[in-house]
Amino acid sequence: MSDGAQTRRPPQVLRGMRDFTPRQMLLRQRVIDILRRVFERYGFDPIDTPLLEYYEVLSGKYGEEGEKLLYRFVDHGGREVGLRYDLTVPLARYVAVHRSELTLPFKRYHIGPVFRAERPQRGRYRQFWQCDVDVVGTRSMLADAEVLSVWIDALSALRVPNAVIHVNHRQLLEALARAAGVEPALALSVYRAIDKLAKIGEDGVREELIRAGVEPKAAERVLELIRVQGHPETVFDTVRHLLAEDAEAQRALDELAELFGYLAAYGAPEGSYILDLSLARGLDYYTGPVAEVIVREPAIGSLGGAGRYDRLIGMFLGEEIPATGASLGLERLVEVVDEYGLLPTPETVSEVLVVAVEEQQRSEILRVAQELRANGIDAEVYLGERVDLRRQLQYANRKGIPFAIIVGPDELAAGVVTLRNLVTGEQERVARHEIVATALQRLVTTGRRPARERTGQE
RNA sequence: GUGCCUCUAGCUCAAUUGGCAGAGCGCUGGACUGUGGAUCCAGUGGUUACGGGUUCGAGCCCCGUGAGGCACCCCA
């Protein structure tokens, strides 16, 4: 191994992948925790699936562009495998495998890492986490409305401001392509062009449409349609009228009207969602309503994508099972939460450091620490070699531990301990048998802990 | 996958036309043998991302690789 050192690369992480510090992990876990509680409040149950799937399971589901981003390799047994690209296709495969055990409609949530071989940018990584809720086995627009309602509750629980859900319908997009008078093969470039409306403006879209082979007259008609944006109520009539002779489009509009009706009944605030005919969504498997949740600041764009995919599960099963779901990108959520300090998070889990002044108090601090732990307080003792009060307090300070419990000869003799608040520097003597109750109280009154019961994994 | 920009101490950044690689913060020790975070004093800091080339001489110029950023593509 010694000669390996000569050619050894600097210890770096792979492009687009990263390590997380304790502080970052605590924030990520906090966000995940909040999402999980919202998901469970609606009755979604957790599942997990392997990171690796047979390549064939993933292949052909994401369109030409997506296919190129699949991590693909051959394992030691000669199998063609791929890293999962999202959590939706693995769900479809899961449903096919567990079909007989499932009670439909099946509601599950799934939080975990996915992989895309993209060129990284801010808020865009090669390994990132998705947080999905899906409903399998119903065509009801109630399901589509519910997953969007979950989104709204989740974003509100995370205190994300100004997130807007843009909603469109795959059939409406296709109607747009028909209105543009292009053959199906060209439809994709039409979707691509209109999806850029917000970015390049009407003139830019017109240019792209014409370059894609759309007649100028037809391009105008398309522009007229996607120009109509805003609150569903104000938009529906116009679009209905403009696409009056397209039966498919009318059906799609009926579905969206139903969806928006349920969404309002779910209590979704005005302005939290809009009908946006320019929203495209590239994934091949979408068949019905599609949505994207967009935030303007910070400029990371989409926080998540959603949509109905009634034919995906059928690709793994003889039987066709309709489904719909919504996905949030953990990294992008964390980016927003972090940028605005929406969820203040401690730098360490430790709530108390129990310190000994001298060697003689060592066993006593271990007893105190165990007592705190037994009562649900996250406590630690300093594990360094030397018993050195200064060093121990310095350790607590650097780690951001908010309290120290000091035990010295005086305390031991008097049957007390010293409880020191390391943020304010105040300290008090507390009877040894009251330390747990007092520490709990101080943790609450200083705001380190919420007043209510602790939440989380416990 | 394409194009452009960036990479100097643990961190943030300096370094004249190519001419001895620096500062602040941090870190270590002390002032302070039962008190961290403040202050003062001293000390510690580098294969200039990695590999090669040009040159008497490269942090600086050239090529390759890696990573980060921006735009495109696409998306969470």
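Note that this is a predicted model, so its numbers are computed, not measured. Each chain gets a letter, A, B and so on, in the order the sequences are listed, and its residues count up from 1.
- Geometrically, A:Arg72 engages A:Tyr55 in a cation-pi contact, judged by NZ or CZ lying under 6.0 Å from the ring centre and within 45° of the ring axis.
- Between A:Arg420 and B:rG36 there is no side-chain N or O to OP1 or OP2 distance below 4.0 Å.
- Nearest to the side chain of A:Thr418, among B:rG66, B:rU35, B:rC75, sits B:rU35.
- Side-chain to base pairing of A:Gln361 with B:rG34: no donor and acceptor N or O lie closer than 3.5 Å to each other.
- Side-chain nitrogen and oxygen atoms of A:Gln121 include at least one within less than 4.0 Å of the OP1 or OP2 phosphate oxygen of B:rA71.
- A:Ile294 has its CD1 atom 11 Å from the P atom of B:rA76, to the nearest Å.
- For B:rU16, there is no paired nucleotide, since no Watson-Crick or G-U wobble pair has both relevant distances below 3.5 Å.
- One cannot find a donor-acceptor pair under 3.5 Å joining the base of B:rU35 and the side-chain atoms of A:Gln394.
- Pairing of B:rC27, defined by two Watson-Crick or G-U wobble distances under 3.5 Å, is identified with B:rG43.
- Ring geometry, A:Tyr62 versus A:Tyr85: the interplanar angle falls from 30° to 60°, so the pair is classed tilted.
- If you take atom C1' in B:rG57 and the same atom in B:rG18, they sit 8 Å apart, rounded to whole Å.
- Using a 4.5 Å heavy-atom cutoff, the side chains of A:Tyr125 and A:Met17 are not in contact.
- Rounded to a whole Å, the CG atom of A:Leu328 is 14 Å from the C1' atom of B:rC75.
- Across the protein-nucleic acid pair, A:Leu70 atom CG and B:rC75 atom P stand 13 Å apart, rounded to whole Å.
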Kindly determine whether A:Tyr109 and A:Phe44 satisfy ring-ring contact (aromatic ring centres under 6.0 Å, His included), including the steps that lead there. CA-CA 6 Å; A:Tyr109 73 87; A:Phe44 288 84; 7.8 Å; no
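- Rounded to a whole angstrom, the distance from the C1' atom of B:rC7 to that of B:rC11 is 15 Å.
- Taking only distance into account, the side chain of A:Arg390 never meets the base of B:rU33 through a donor-acceptor pair shorter than 3.5 Å.
- As rounded to whole Å, 15 Å separates atom P of B:rA71 from atom CD1 of A:Ile200.
- Here the separation of B:rU8 from B:rC60, taken at their P atoms, is 13 Å to the nearest Å.
- Rounded to a whole angstrom, the distance from the P atom of B:rG30 to that of B:rC70 is 45 Å.
- With hydrogens and angles ignored, no donor-acceptor pair under 3.5 angstrom links the side chain of A:Arg391 to the base of B:rG36.
- In this model, a side-chain donor or acceptor of A:Asn397 finds a partner on the base of B:rG36 within 3.5 Å.
- Side chains of A:Leu328 and A:Val293 form a contact here, defined as non-hydrogen atoms less than 4.5 Å apart.
- Contacts of A:Val13 with the nucleic acid, taken as non-hydrogen atoms under 4.0 Å apart, involve only primed sugar atoms and P, OP1 or OP2.
- Of the C1' atoms belonging to B:rC62 and B:rC25, the separation is 36 Å, rounded to the nearest Å.
- A salt bridge between A:Arg84 and A:Asp48 is present, with a side-chain N of the basic residue lying under 4.0 Å from a carboxylate O of the acidic one.
- Among B:rG69, B:rC27, B:rG36, the nucleotide with an atom closest to any side-chain atom of A:Leu393 is B:rG36.
- Residue-level contact check: A:Tyr395 touches neither bases nor backbone, having no heavy atom under 4.0 Å from any strand.
- B:rU33 sits 24 Å from B:rC27 when the C1' atoms are compared, rounded to a whole Å.
- Side chain A:Arg119 to base B:rC75: no donor-acceptor pair is found below 3.5 Å.
- Within the nucleic acid shown, A:Asp410 comes within 4.0 Å of at least one base atom, counting heavy atoms only.
- A:Glu118 places its CD atom 9 Å from the C1' atom of B:rC73, with the value rounded to the nearest Å.
- Each of A:Val407 and A:Glu292 has a nearest nucleotide on RNA chain B; the 5'-most of these lies closest to A:Val407.
- Taking the C1' atom of each, B:rG26 and B:rG68 are spaced 23 Å apart, rounded to whole Å.
- Judged by the 6.0 Å and 45° rule, A:Lys61 forms no cation-pi pair with A:Tyr285.
- A:Glu351 and A:Arg449 are joined by a salt bridge, as a carboxylate oxygen and a charged side-chain nitrogen come within less than 4.0 angstrom of each other.
- Under the 4.0 Å criterion applied to side-chain N and carboxylate O atoms, A:Arg420 and A:Glu428 are not assigned as salt-bridge partners.
- If you take atom C1' in B:rC13 and the same atom in B:rU54, they sit 30 Å apart, rounded to whole Å.
- Considering only side-chain atoms of A:Arg116, the nucleotide from B:rU35, B:rG68, B:rA76 that sits closest is B:rA76.
- Distance, A:Glu359 CD to B:rU33 P: 19 Å, rounded to whole Å.
- One finds a side-chain N or O of A:Lys196 lying less than 4.0 angstrom from the OP1 or OP2 phosphate oxygen of B:rC73.
- One finds no side-chain N or O of A:Lys68 lying less than 4.0 angstrom from the OP1 or OP2 phosphate oxygen of B:rC73.
- Counting non-hydrogen atoms under 4.0 angstrom, A:Gly123 reaches a base of the nucleic acid.
- Across all strands, A:Glu411 comes closer than 4.0 Å to base atoms (heavy-atom distances).
- Here A:Gly16 lies in heavy-atom contact (under 4.0 Å) with sugar-phosphate atoms only.
- Among the protein residues, A:Leu303 comes within range of the sugar-phosphate backbone only, with heavy atoms under 4.0 Å from sugar or phosphate atoms but none that close to a base.
- The distance between atom OH of A:Tyr71 and atom C1' of B:rC75, rounded to the nearest whole Å, is 15 Å.
- Here A:Phe128 packs flat against the base of B:rA76; its ring centre is closer than 5.5 angstrom to the base's six-membered ring, tilted by less than 30 degrees.
- Straight-line distance from the CD1 atom of A:Ile111 to the C1' atom of B:rA76: 14 Å, rounded to whole Å.
- Across all strands, A:Ile406 comes closer than 4.0 Å to base atoms (heavy-atom distances).
- If you find the closest nucleotide of RNA chain B to A:Ala117 and to A:Leu422, the one lying nearer the 5' end belongs to A:Ala117.
- Distances from the side chain of A:Gln12 to the nucleotides B:rA67, B:rG34, B:rA76 place B:rA67 closest.
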